[in-house]
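Working notes for the structure below.
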Amino acid sequence: MQLETFAFQLFEKGIIRFGKFTLKSGIESPFYIDMRTLCAYPSIMRDLSTIVSESIRNEDFQHICGVPYAALAMGTLVSQEMNLPQILMRKEQKKHGTKKNLEGVFKAQDKVVLIDDVITSGVSFLEAARKLEKENLIPHLLLCIIDREQGGEENLKKHGYKTISIFKISEIVEILYSNKKITAIEHQAVLNFVQGQKVALPTENKETTRPTYTELLEQSQHHFSKRLLEIVINKKSNLCFSADLNDKTELLKITREVAPHIALLKIHADIIVDFDTAFITDLKRLSEEHGFLILEDRKFADIGNTAWNQYYSGHHKIASWADAITVHVIAGSSSVQALAKNDHGHIPAMILISQMSTQGTLTDANYQKSAVAIAKEYPNLIVGIVSQSKQYLSGGQLHFTPGIKLQAGVDSMGQQYDPPAKAFSEKGTDMLIVGRGIYQSKNPKESAANYQKIAWDAYTELT
Ligand code: 5BU
């Protein structure tokens with residue numbers, strides 16, 4: 001079907017109308033599109049489904065999913081036409097039985113093309129994409145039949161989603177005008193409207209705002225995150241101090257100073273030259289006295305067997321003292337599974353590294369998606385991720401962000417820094433990790449108190 005034929009049919013069937021219409025948002029629009037009545041015209045639906053199928057034929061994906069309810073029928077038609085399985089998405093979450101949001105047969109990391117009828121701000125697409133991600137599916141492409149050209153595509157791009165449209169409203173009105181179906185005034189009114197009425201994604205939308213620490217605590221499925229979140233809430237501190245010091249006495253001294261201001265202490269046991277069991281005893285005592293947890297940033301990355309030995313054995317015997325550890329997933333999920341294997345009921349708390357803070361990091365968008373999918377697969381073992389970008393986690397999992405200093409910049413070894421507020425507003429972090437910004441300052445205690453305040457204010461502003 002030609003764009004021209006489509007435009008005429010929309011107009012003749014009253015699917016697109018011109019005049020004065022008050023939109024859901026309260027804004028007055030000079031045109032109105034009601035694609036729901038399209039299902040009364042099987043031949044238009046059939047032709048449209050052929051166009052949609054052709055436009056995605058060269059994409060690499062496994063499932064079709066129509067955004068409920070408007071695009072459910074189109075989803076079915078395209079699935080038939082392409083002979084690809086369809087996923088049925090619920091609009092409201094099912095309250096009984098399986099409580100499933102999605103129906104169909106799929107596996108983690110399958111790629112899905114989402115179809116919707118009209119895009120305005122992109123919020124429906126965003127919510128639908130999130131529902132797919134919650135089930136470990138990848139929203140590969142968002143396809144809409146008509147783009148109202150009010151910023152939806154750009155909004156979704158900012159969230160990392162690729163969107164394509166079959167028809168643009170300006171193209172449709174151009175055809176209608178040049179074929180004398182609408183007046184010059186109606187034509188111009190639409191063009192002016194789409195130019196002037198770019199709509200942002202609503203920030204009040206529950207799906208797009210960050211959960212509070214109390215909400216995360218309610219969802220949390222691991223005793224580590226429960227304890228950490230209780231500390232965060234009680235101390236009003238979402239700060240993790242990274243004590244990257246070589247000398248245990250100095251490490252303990254600075255930790256004692258900053259302890260009232262932090263919820264988590266992160267160390268690298270293998271850089272402490274005089275590491276011994278007495279150090280661990282002292283550190284544990286401090287953590288109990290001042291109420292903070294200890295994260296060993298070992299970044300396990302090897303095959304399961306080696307990672308297991310590095311965690312339970314060797315000089316540091318990390319499993320015996322660390323409240324949580326960091327783990328790379330470069331080897332796949334096998335290191336996660338290996339670290340959980342033991343005969344004494346020990347349940348490790350792992351923080352997966354999804355994205356690094358360094359210049360030129362190889363942790364690109366695909367890597368991050370796979371890491372997040374692994375995190376979601378093991379909510380009983382994985383308590384969070386380290387990342388530099390917004391990621392939608394579940395089960396009370398937390399988002400940690402290093403590379404933080406008051407001033408943005410880069411150090412001489414490729415570490416990139418952003419200020420605390422940016423980590424909260426743009427990266428979606430839950431916990432800041434600050435090292436040199438505190439221990440290299442003239443007064444680490446004052447500096448920790450300052451980071452604590454800035455980070456807490458940045459969080460409260462968003463919730
Ligand atoms: P800094 O002094 O604030 O730059 O220290 C940051 C700490 O966080 C340091 O211990 C790093 O090993 C750690 N880190 C990081 O900086 N970037 C990352 O992507 C990851 C960890 Br993962």
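Keep in mind that what you see is a predicted model, and the values were worked out from it rather than measured. First listed ligand is number 1; within each ligand, the first listed atom is number 1. In this chain, numbering begins with 1 at the start of the sequence shown. FYI, side chains are in, hydrogens and waters are out, and symmetry mates aren't considered; it's all heavy atoms of this structure.
The pair Lys266-Asp297 meets the salt-bridge criterion, with a side-chain N (NZ, NE, NH1 or NH2) lying under 4.0 Å from an Asp/Glu carboxylate O. One finds a salt bridge joining Glu54 and Arg57 here, because a Lys/Arg side-chain nitrogen approaches an Asp/Glu carboxylate oxygen to under 4.0 Å.
For the residues Ser357, Ser354, Gly414, the heavy atom positioned nearest atom 19 (O) of ligand 1 is part of Ser357.
Looking at Lys405 against ligand 1, nothing comes within 4.0 Å, counting heavy atoms. Of the heavy atoms in Lys266, only side-chain atoms (C-beta onward) come closer than 4.0 Å to ligand 1. Contacts between Asp297 and ligand 1 below 4.0 angstrom, taking non-hydrogen atoms only, involve the side chain exclusively.
When Val386, Ile353, Ile325 are each tested for a side-chain contact (heavy atoms from CB on, under 4.5 Å) with Lys299, only one passes: Ile353. Test Gln368, Lys427, His399 against Ser389 for side-chain hydrogen bond (donor to acceptor under 3.5 Å, both in side chains) and you get one pass: Gln368.
Distances below 4.0 Å separate heavy atoms of Val386 from the following atoms of ligand 1: 22 (Br). Shown in contact with Ile353 at under 4.0 Å from a heavy atom are these atoms of ligand 1, numbered in order with element: 22 (Br). The distance from ligand 1 to the heavy atoms of Arg436 drops below 4.0 Å at these ligand atoms: 1 (P), 2 (O), 3 (O), 4 (O). Heavy-atom contacts of Gln415 reach the following atoms of ligand 1: 4 (O), 6 (C), 15 (C), 16 (O) (cutoff under 4.0 Å).
Residues Ala269 and Glu296 approach most closely at N-OE1, 2.8 Å, considering heavy atoms.
No more than 12 heavy atoms of other residues, nucleotides or ligands sit less than 6.0 Å from atom NZ of Lys341.
The distance criterion of under 3.5 Å between nitrogen or oxygen atoms is met by Gly435 with respect to ligand 1. Polar contact check, Ser242 against ligand 1: a nitrogen or oxygen pair lies under 3.5 Å apart. Between Thr358 and ligand 1, a contact under 3.5 Å exists for no N or O pair.
Taking the six-membered ring for Trp, Trp456 and Tyr213 have ring centres closer than 6.0 Å. Aromatic pair Phe300/Tyr311: ring centres closer than 6.0 Å.
Counting heavy atoms from C-beta on, the side chains of Ile330 and Tyr367 come closer than 4.5 Å. Residues Tyr161 and Leu114 fail the side-chain proximity criterion, which asks for heavy atoms closer than 4.5 Å.
Atom 1 (P) of ligand 1 has as its closest protein heavy atom Tyr417 OH, 3.5 Å. At the shortest separation from atom 5 (O) of ligand 1 among protein heavy atoms lies Asp244 OD2, 3.8 Å. With hydrogens left out, the protein atom closest to atom 22 (Br) of ligand 1 is Lys299 CE, 3.5 Å, a heavy atom. Nearest to atom 12 (O) of ligand 1 among the protein's heavy atoms is His268 NE2, 3.1 Å.
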